[in-house]
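To keep things clear, I will list the structure first and then write my remarks on it.
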There are 2 protein chains.
Amino acid sequence: MGNEIIKYLSKYTSLSNELAEIVLASTIIKNFKKGTILLKEGDISKESYFVLKGCVRSYLIDNGEDKTLDFHTEEQPILPISYGKETLSEQYLECIEDSILTVNTPEHENEMFLKYPQFESVCRIMTEVMMSNFQESFVNFKTTSPEERYLFILKNRPDLLQRVPLFQLASYLGLKPESLSRLRKRLVKNKRL
Amino acid sequence: MGNEIIKYLSKYTSLSNELAEIVLASTIIKNFKKGTILLKEGDISKESYFVLKGCVRSYLIDNGEDKTLDFHTEEQPILPISYGKETLSEQYLECIEDSILTVNTPEHENEMFLKYPQFESVCRIMTEVMMSNFQESFVNFKTTSPEERYLFILKNRPDLLQRVPLFQLASYLGLKPESLSRLRKRLVKNKRL
DNA sequence: AGCATTTCTTAACCCAAGTCAATTTTTATG
DNA sequence: CATAAAAATTGACTTGGGTTAAGAAATGCT
């Protein structure tokens with residue numbers, strides 16, 4: 001447990017064995033019980049994460065309504081919107097399963113940058129990769145209907161349907177639970193899905 | 001013209017006078033006529049931009065349908081989704097006004113990083129800022145209705161309504177032109193807007 | 001200026017999502 | 001295991017966006 005983060009970094013940036021050792025040695029891994037709130041509205045976000053095991057839901061309360069922004073599962077980074085900023089978070093992060101996460105802070109990062117300047121490059125590239133992936137998610141959301149989004153999840157993250165309650169999935173897809181219920185019914189009827 | 005980019009960088013990162021000079025001296029500024037396509041489907045994206053003057057529309061053709069992803073105007077960076085990646089772009093970038101842009105390439109960046117290692121830090125921070133802003137845009141889009149999005153534009157980027165044809169604004173808001181037309185009519189009727 | 005093209009608006013109709021309310025199913029908990 | 005609570009479904013009704021088609025308004029062009 002823990003070298004997943006090296007595997008992940010290596011996918012996008014060439015990491016020397018030396019630097020891999022350093023990253024691995026300085027990575028903080030923590031366990032969180034299901035239900036743990038990692039970040040809540042009004043907090044200042046001081047940590048970013050990487051999911052080794054489990055599932056973290058990102059959401060916000062908008063006019064009293066709980067709206068899921070994302071589900072983070074194995075091998076995915078979690079970068080809070082206000083991470084490293086002074087502004088108060090509107091975002092919540094909740095472990096919806098027992099989870100094992102690497103935990104990172106701006107202070108820790110800066111320390112690493114000073115000690116190992118090559119690490120700055122790794123982080124810049126990773127942020128660029130995350131930006132690119134995130135842009136793709138946005139495009140995907142913007143150019144598809146709720147039905148297409150549901151089918152996309154079914155195809156690309158089928159595990160989510162087992163791990164996540166439907167009413168949370170609904171808000172993730174931009175729907176009310178009742179509508180997701182009807183959408184699913186419609187699919188079964190029309191396409192024998 | 002050109003020191004806007006320094007002003008922009010300085011908003012988010014502390015730039016030494018020396019580094020500011022260097023950035024300014026090595027910044028490439030180009031003029032583009034209205035209608036210029038900076039990036040098109042199938043291209044490999046080799047340039048990122050910063051708008052000094054004008055307007056660049058980002059869009060893609062999805063099932064034959066033109067869908068606007070963003071409008072980039074003065075003081076805004078343009079980071080193509082596939083910038084620096086090997087993958088073929090699905091995205092288009094078009095100057096919808098005569099525009100003055102700074103032009104940047106991965107090669108140029110890497111050169112700068114080698115010569116001026118502090119510049120890597122500037123770029124990392126800028127990418128983090130862009131990531132954060134972009135996440136906020138996504139949240140905004142995901143948690144609002146087309147009407148709310150229209151009112152948001154009206155409030156926060158009123159210039160767009162003068163600069164951009166409504167049918168392009170419609171797809172930006174996630175609507176068909178006919179629906180935007182009705183939406184606007186509805187607003188006038190109900191809220192005397 | 002005059003004509004063609006593009007953009008914008010309007011109307012009628014359909015369908016999917018929202019709303020509200022009630023019920024069923026599933027899950028948690030003593 | 002029984003009961004309460006939470007989650008999911010269903011139904012009736014409203015509303016707003018998509019579709020198609022037509023016409024009006026604005027813009028471009030020679």
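In what follows, chains carry the letters A, B, and so on, assigned in the order in which the sequence lines appear, proteins first and then strands, with residues in each chain numbered from 1. Any value given below was found using the heavy atoms of this structure, including those in side chains, with hydrogens, waters and symmetry copies removed.
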**Asked** Given atom CZ of F167(A) and atom C1' of dG18(C), what is their separation to the nearest angstrom?
**Response** 18 Å
**Request:** Could you tell me whether the side chains of Q135(B) and S132(B) share a donor-acceptor contact shorter than 3.5 Å?
**Result:** no
**Asked** Closest to the K176(B) side chain: dA8(D), dT9(C), dG18(D)?
**Response** dG18(D)
**Message:** What is the separation between atom CG on L169(B) and atom P on dT9(C), rounded to the nearest whole Å?
**Reply:** 11 Å
**Asked** Of all the choices, dC8(C), dA17(C), dT9(C), which nucleotide is nearest to the side chain of R184(B) once you look at every atom?
**Response** dT9(C)
**Message:** If the test is side chain to side chain donor-acceptor pair (under 3.5 Å), which one of R57(A), K40(A), E41(A) qualifies with Y92(A)?
**Reply:** E41(A)
**Prompt:** Between dG18(D) and S179(B), is there an OP1 or OP2 to side-chain N/O distance shorter than 4.0 Å?
**Reply:** yes
**Item:** Ionic contact status for K46(A) with E86(A), cut-off 4.0 Å
**Value:** no
**Item:** Minimum-distance nucleotide to L166(B) side chain [options: dA16(C), dT9(C), dA28(C)]
**Value:** dT9(C)
**Request:** For L180(B), report the nucleic acid contact type (base, sugar-phosphate, nothing); a contact means any heavy atom under 4.0 Å.
**Result:** nothing
**Prompt:** Rounded to the nearest Å, what distance is computed from the CD1 atom of residue I96(B) to the P atom of nucleotide dT6(C)?
**Reply:** 17 Å
**Item:** d(CG, L151(A); P, dA16(C)) in whole Å
**Value:** 14 Å
**Prompt:** Quick one: K67(A) NZ to dA17(C) C1', roughly how many Å, whole number?
**Reply:** 14 Å
**Prompt:** Using a cut-off of less than 4.0 Å, is there contact between a side-chain N or O of K185(B) and OP1 or OP2 of dA11(C)?
**Reply:** yes
**Asked** Between atom CG in L175(A) and atom P in dT9(D), what is the gap in whole Å?
**Response** 13 Å
**Item:** Toward the 5' end of DNA chain D, by each residue's nearest nucleotide, E178(B) or L183(B)
**Value:** L183(B)
**Message:** Is it the case that the side chains of E148(A) and Y150(A) hold a donor-acceptor pair, with the cut-off being a distance below 3.5 Å and no angle test?
**Reply:** no
**Between dG28(D) (P) and K34(B) (NZ): distance, integer Å** = 6 Å
**Message:** Of the options dG17(D), dA17(C), dT10(D), whose atoms approach the side-chain atoms of R186(B) most closely?
**Reply:** dG17(D)
**Prompt:** Is the closest basic N to carboxylate O distance between E128(B) and R124(B) below 4.0 Å?
**Reply:** yes
**Message:** Judged by each residue's nearest nucleotide on DNA chain D, which is more toward the 5′ side, P177(B) or Q168(A)?
**Reply:** Q168(A)
**Asked** If you take atom types as modelled and just measure distance, does the side chain of R182(A) reach the base of dG18(C) with a donor-acceptor pair under 3.5 Å?
**Response** yes
**Message:** What is the distance, to the nearest angstrom, from the CG atom on L161(A) to the C1' atom on dA7(D)?
**Reply:** 15 Å
